Structures are given as structure tokens and as C-alpha cells.
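Reviewing the structure listed below.
Both counts, for ligands and for their atoms, begin at 1 and track the order of listing. Numbers for residues simply follow the sequence, beginning at 1. Being a predicted model, the structure only gives us computed values, none of them experimental.
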Amino acid sequence: MTDLKTLKLIDLEEMSSYIKKVGVENLIEKLIPYLESDYRDWEKFTKMPRPTHHSEVGVNELMLIGNRENYSVKYVNGHPINPSRNLLTVIGMGLFADVETGYPKMICEMTLLTAIRTAATSVMAAKYLARANSKKMALIGNGCQSEFQAIGFHKVLGIEEINVFDIDEAATDKLIDNLSRFKDLKVNKCTGVAEACEGVDIVTTVTADKKFATILTKNMIEEGMHLNCVGGDCPGKTELDSQILYMGDVYVELEEQSRIEGEIQHMPDDFEVTEITNVIKTKKPIDRKDSDITIFDSVGFAIEDYSILRMIYEIAKEEDLGKEISMVPVLDDPKNLYGLIK
Ligand code: NAD
């Protein structure tokens with residue numbers, strides 16, 4: 001049994017300096033095998049759609065999952081209105097706990113970790129679903145998640161050129177500036193979604209709007225494209241003209257959750273989808289024709305948070321990351337809690 005008298009606290013300051021030191025691209029690359037291994041162990045996890053609390057402006061959520069060793073919890077929100085109040089659309093914080101004793105092992109920031117795990121999940125899915133020689137991507141929605149997606153697809157999947165568009169031109173300029181250190185990545189600023197999608201292999205949509213949006217319409221979809229749809233992740237919040245879902249094969253994380261939150265919330269109950277775990281278990285890309293269209297309808301699933309917490313906890317132990325804090329009682333007599341305050 002590990003020493004559970006203290007737990008690790010990794011706050012934003014320490015996490016951001018660690019990520020800066022190691023490099024986002026290296027963490028995304030390192031995380032993918034963790035994701036694959038946990039997705040292959042699918043049956044060993046207790047899984048459920050996330051409990052949510054909806055309001056007129058956003059959603060507060062808990063993402064919960066466990067297996068025989070660990071249990072993880074992420075608190076996360078989704079408030080597309082927030083940037084207009086100078087706040088982030090998505091923030092997160094996480095807890096990683098021991099199953100044997102029930103004791104917590106780590107508490108950490110998860111806003112940066114969510115962006116990293118979302119990008120790693122997108123790249124992992126594309127590795128199995130997209131055409132093997134994909135070189136060009138459209139990136140629609142240039143807010144907080146966008147750099148992580150761009151860097152993951154460029155450095156890990158080998159994307160060489162990205163067409164970027166956002167209704168907020170300042171967000172696009174920020175993205176282009178942040179990507180300027182990648183000298184071998186060509187970034188093209190586009191004036192609209194249709195222009196951005198023209199002739200690309202992969203389309204990533206990562207917009208935030210609390211409505212049934214139609215960022216992509218049927219006329220923008222070309223043969224052979226892989227759609228990586230990240231921003232539609234709540235009831236009443238989607239990004240695609242639902243007719244697009246009939247144009248290709250649709251892959252999801254946990255089907256039960258995606259039917260509530262994903263693009264497929266528009267579809268009848270018998271609309272066929274494949275859980276991505278079934279692809280990852282085969283350990284090889286799907287058998288696809290170059291003209292086939294594939295759609296990853298991502299809403300984010302708790303196993304992805306589990307994977308990154310598992311990885312960060314290992315790193316924290318190896319590299320002495322985080323402060324040891326006391327959060328649970330340490331008692332000579334484990335029945336004398338009152339003795340602590342007598
Ligand atoms: P953000 O607010 O920082 O950025 C969203 C961007 O989308 C903004 O710049 C906004 O101007 C742009 N946008 C809105 N409507 C648009 C339109 N019609 N066309 C083009 N651009 C448009 O948010 P973020 O943190 O980058 O998150 C983006 C989305 O991803 C959110 O909807 C969030 O809920 C979702 N998300 C999903 C996952 C997942 O696992 N699937 C994980 C994290 C975030």
C-alpha cells in the first residue's frame with residue numbers, strides 16, 4: 001500500500017511550468033499510449049454518462065470513473081458566454097484516488113490537462129480513422145483548445161498545413177501567433193468555414209456556442225475527409241448539420257453519453273455508431289477506402305481524464321512534482337477522529 005498520509009497537490013503554477021519545460025507536443029505524444037491502454041481495458045472500468053447541472057448560460061459537470069486500482073473525478077464546466085466576461089469557457093480540476101483504501105492521492109489543475117487530453121484523444125482517433133497520408137487540416141474555432149489540437153496534429157500525426165477560421169478574428173490572430181514557433185507548419189488564415197475546408201484531409205471543429213449550430217454543412221464535406229468534431233458536447237449544443245452524419249461512419253466515446261450530448265443527439269435511437277474502444281482494441285487503423293468519410297463525434301469521456309491523471313501521477317512521483325499536503329486525518333487510533341479537535 002502506498003503512503004497515503006499526504007497527497008500531492010499540483011496547482012496551476014507548477015503544472016504550467018512543468019508543461020512549458022517538457023513541451024505540449026511531448027506530453028500529447030506520451031499520453032496517447034496511456035489512452036490506448038485504458039481504452040483497451042474498457043470492460044475493467046465502471047462507466048456512466050457524466051452527471052450535469054445545466055443553467056441558461058452553461059453547464060457544471062463531474063466526470064467520474066474507476067477500475068480496480070484508481071478512481072478519478074474531474075470537475076469541469078462549459079460556459080461559451082464566459083470570454084465576454086473575461087473568463088474561460090472551460091476550466092477543470094481533478095482528483096485521483098486509491099481504490100484499495102479510498103484515500104485521495106493527488107489533486108491537480110485540469111484546465112491545461114483537459115486541453116492536452118482532448119487534443120491527444122483527437123489525434124489518437126484520427127490515427128485509426130483518418131486517411132494514413134493526411135497532411136492538411138481545417139481548424140474551425142480558434143479559442144483555448146485550438147493550439148493544443150494544432151500542435152498535436154502537426155507534431156504527432158504529421159499534419160503539415162492548417163487552414164484556420166474563427167468568427168472572432170482576434171482569436172485567429174492569436175492562434176497564428178502562438179503557432180509561429182513551428183517553422184515547418186504552414187498556417188493559412190481563411191475568411192470562412194467553406195474556404196477553410198476546401199481540399200483538406202481532416203476538419204477539426206472546436207467552437208463554443210450554446211445552440212444547435214451548423215458550422216459544417218453538407219456542401220463543405222469532401223470524399224475521404226475525417227471530421228474531428230470536438231465542440232458539440234451538450235444537449236442543445238452541436239456543430240454539424242445532422243445530415244452530414246449520414247455521409248460517413250460515426251465513432252463515439254461512450255455511446256450512452258454521446259446519445260445525450262454529441263452530434264448524434266439529433267439522430268434516432270437506432271442510428272448506428274461505433275464506440276472508439278472497439279477500433280483501438282484492434283491495434284490497427286480501420287479498413288477504409290480513400291473516398292470514405294469518417295466522423296469522430298467527441299464529447300469528452302472520463303476515461304481520458306483518468307488516463308492523463310494516471311500519467312501525471314506517475315510523473316509526479318518520478319520527478320517529485322507537486323506539494324505534499326495534508327488533507328486526510330492521520331490518527332493513532334483510527335476510531336478517534338474527535339481526538340483531532342479535542
Ligand atoms: P473558447 O471559447 O476558448 O473558443 C471557442 C471559439 O469558437 C471562440 O474563439 C469563438 O469565437 C469560436 N466560435 C464560436 N462560434 C463560431 C462559429 N460559428 N464559427 C467559427 N468559430 C466560432 O472555447 P474552448 O475552450 O476552445 O472550447 C471549444 C469547444 O470545445 C467548447 O464548445 C468546449 O465545450 C469544447 N470542448 C470539448 C471537449 C471534448 O472532449 N470534446 C474538451 C474541451 C472542450
Side-chain angles (χ1 to χ4, degrees), residues 31 35 50 52 54 57-61 63 74 76-92 110-125 138-150 152 163-176 178 189-197 203-217 220 227-241 251-254 257-258 260-264 276 295-308:
L31 178 58
L35 286 165
R50 55 188 156 197
T52 54
H54 292 279
V57 288
V59 63
N60 302 54
E61 303 173 323
M63 300 182 71
K74 179 171 82 172
V76 69
N77 75 311
H79 285 68
I81 193 180
N82 270 356
S84 68
R85 321 190 260 205
N86 212 22
L87 300 170
L88 279 74
T89 298
V90 177
I91 58 95
M110 281 198 83
T111 306
L112 283 164
L113 294 191
T114 294
I116 289 172
R117 74 80 154 129
T118 304
T121 304
S122 291
V123 172
M124 173 191 71
L139 181 51
I140 316 298
N142 301 159
C144 283
Q145 310 299 318
S146 62
E147 285 82 358
F148 298 83
Q149 292 281 332
N163 291 347
V164 295
F165 174 73
D166 193 300
I167 46 171
D168 174 8
E169 199 180 346
T172 302
D173 291 340
K174 170 237 34 167
L175 171 63
I176 293 171
N178 283 337
K189 186 173 172 180
C190 298
T191 53
V193 180
E195 184 195 340
C197 292
V203 178
T204 291
T205 53
V206 64
T207 66
D209 203 351
K210 205 173 155 37
K211 66 176 190 191
F212 289 136
T214 43
I215 308 294
L216 298 184
T217 49
M220 299 170 187
L227 310 183
N228 171 43
C229 307
V230 179
D233 57 0
C234 257
K237 176 170 174 277
T238 54
E239 295 181 303
L240 265 54
D241 170 355
Y251 297 82
V252 298
E253 291 145 319
L254 179 71
Q257 178 176 297
S258 302
I260 303 167
E261 302 182 346
E263 297 299 326
I264 59 166
I276 196 79
I295 302 160
F296 180 43
D297 177 11
S298 167
V299 295
F301 181 52
I303 205 167
E304 297 146 19
D305 303 311
Y306 178 97
S307 299
I308 197 163

Next item on the list: State which residues pass side-chain contact (heavy atoms from CB on, under 4.5 Å) with Ala120; sequence neighbours excluded, sorted by chain then number.
Entry: Ile28, Leu31, Ile32, Leu35
Notebook entry, point to check: Looking only at heavy atoms of Ala213, does any of them come nearer than 4.0 Å to an atom of ligand 1?
Noted result: no
Next item on the list: Starting from atom 14 (C) of ligand 1, find the nearest protein heavy-atom neighbour and note its residue, name and distance.
Entry: Ala208 O, 3.4 Å
Notebook entry, point to check: Is it the side chain, the backbone, both or neither of Glu304 that has a heavy atom closer than 4.0 Å to ligand 1?
Noted result: neither
Notebook entry, point to check: Is Thr121 close to Phe301 at the side-chain level, that is, under 4.5 Å between some pair of heavy atoms?
Noted result: no
Checklist line | Between Ser122 and Asn228: side-chain donor-acceptor atoms closer than 3.5 Å | finding: yes
Check: Nearest to atom 15 (N) of ligand 1, what protein heavy atom do you find, and at what distance?
Finding: Ile167 CD1, 3.5 Å
Next item on the list: State the atoms of ligand 1, each with its element, that fall below the 4.0 Å cut-off from a heavy-atom position in Val299.
Entry: 39 (C), 40 (O), 41 (N)
Check: Should one rank Met63, Glu253, Gln145, Glu147 by closest heavy-atom distance to atom 26 (O) of ligand 1, which comes out on top?
Finding: Gln145
Notebook entry, point to check: Where is the nearest protein heavy atom to atom 4 (O) of ligand 1: which residue, which atom, and how far?
Noted result: Gly143 CA, 3.2 Å
Notebook entry, point to check: Does a side chain donor of either Glu304 or Thr118 reach within less than 3.5 Å of an acceptor in the other side chain?
Noted result: no
Checklist line | Interfacing atoms of ligand 1 (cut-off 4.0 Å, heavy-atom, Gly231) | finding: 29 (C), 30 (O), 32 (O), 35 (C)
Check: Under the 3.5 angstrom rule, does the side chain of Glu239 hit a backbone N or O of Thr207 as a donor-acceptor pair?
Finding: yes
Checklist line | Val90 N/O under 3.5 Å from ligand 1 N/O | finding: no
Notebook entry, point to check: Starting from atom 3 (O) of ligand 1, which protein heavy atom do you reach first, and at what distance in Å?
Noted result: Cys144 N, 2.9 Å
Next item on the list: From the options Leu216, Asp209, Asp166, select the one whose nearest heavy atom is closest to atom 6 (C) of ligand 1.
Entry: Asp166
Next item on the list: Check whether any N or O atom of Phe165, backbone or side chain, sits under 3.5 Å from an N or O atom of ligand 1, and answer yes or no.
Entry: no
Next item on the list: Check each atom of ligand 1 against the heavy atoms of Gly300 and keep those under 4.0 Å away; list them by number with element.
Entry: 39 (C), 40 (O), 41 (N)
Check: Which protein non-hydrogen atom lies closest to atom 42 (C) of ligand 1, naming both residue and atom, and how far is it?
Finding: Thr118 OG1, 3.2 Å
Next item on the list: Return yes when Ser298 approaches ligand 1 closer than 4.0 angstrom through a heavy atom, no otherwise.
Entry: yes
Notebook entry, point to check: Polar-atom distance check: Ala171 versus ligand 1, any N or O pair below 3.5 Å?
Noted result: no
Notebook entry, point to check: Can you tell me the protein heavy atom closest to atom 37 (C) of ligand 1 and the distance?
Noted result: Val230 O, 3.0 Å
Checklist line | Nearest option to atom 18 (N) of ligand 1, as decided by whichever heavy atom of Thr214, Asn82, Ile215 sits closest | finding: Ile215
Check: Quick one: which ligand 1 atoms are inside 4.0 Å of a heavy atom on Asp168?
Finding: 11 (O)
Margin query: Using a 3.5 Å distance criterion without hydrogens, assess whether the side chain of Thr111 forms a donor-acceptor pair with backbone atoms of Gly92.
Written below: yes
Checklist line | Taking every non-hydrogen atom, the tightest pair across Cys190 and Ala196 | finding: SG-CA, 3.6 Å
Notebook entry, point to check: Can you check whether Arg50's main-chain N or O pairs, donor with acceptor, with Gln257's side chain at less than 3.5 Å?
Noted result: yes
Margin query: Suppose we screen for side-chain contact (heavy atoms from CB on, under 4.5 Å). Which residues come up paired with Leu87, at least two apart in sequence or across chains?
Written below: Asn82, Arg85
Next item on the list: Report yes if Arg117 has an N/O atom closer than 3.5 Å to an N/O atom of ligand 1; otherwise report no.
Entry: yes
Next item on the list: Between Ser146 and ligand 1, find which residue part has any heavy-atom pair under 4.0 Å and reply side chain, backbone, both or neither.
Entry: neither
Next item on the list: Considering the heavy atoms of Pro83, write down every atom of ligand 1 situated less than 4.0 Å from one of them.
Entry: 2 (O)
Notebook entry, point to check: How close do Cys234 and His54 get, heavy atom to heavy atom, and via which atoms?
Noted result: SG-CE1, 4.0 Å
Check: Given Thr89, Asn77, Thr121, Asp233, which has its nearest heavy atom closest to atom 1 (P) of ligand 1?
Finding: Thr89
Notebook entry, point to check: Can you name the nearest heavy-atom pair linking Cys197 to Met220, along with the distance?
Noted result: CB-O, 4.0 Å
Next item on the list: Decide yes or no for Lys74 and Glu61: does some side-chain heavy atom of the first lie under 4.5 Å from some side-chain heavy atom of the second?
Entry: no
Check: Do Thr205 and Leu227 pass the side-chain contact (heavy atoms from CB on, under 4.5 Å) test, and can you show the C-alpha distance, the side-chain angles, and the key distance before you say yes or no?
Finding: CA-CA 8 Å; Thr205 53; Leu227 310 183; over 6 Å; no
Checklist line | Contact summary for His79 and Asn77, nearest pair of heavy atoms | finding: ND1-ND2, 3.0 Å
Next item on the list: Just do the side chain to side chain donor-acceptor pair (under 3.5 Å) check on Asn142 and Thr172 with the steps written out, would you?
Entry: CA-CA 5 Å; Asn142 301 159; Thr172 302; 2.7 Å; yes
Notebook entry, point to check: Who's closest to atom 31 (C) of ligand 1 heavy-atom-wise, of Thr207, Asn228, Thr114, Val206?
Noted result: Thr207
Next item on the list: Have a look at Lys210, Glu239, Lys237 and point out the one with the heavy atom closest to atom 32 (O) of ligand 1.
Entry: Lys237
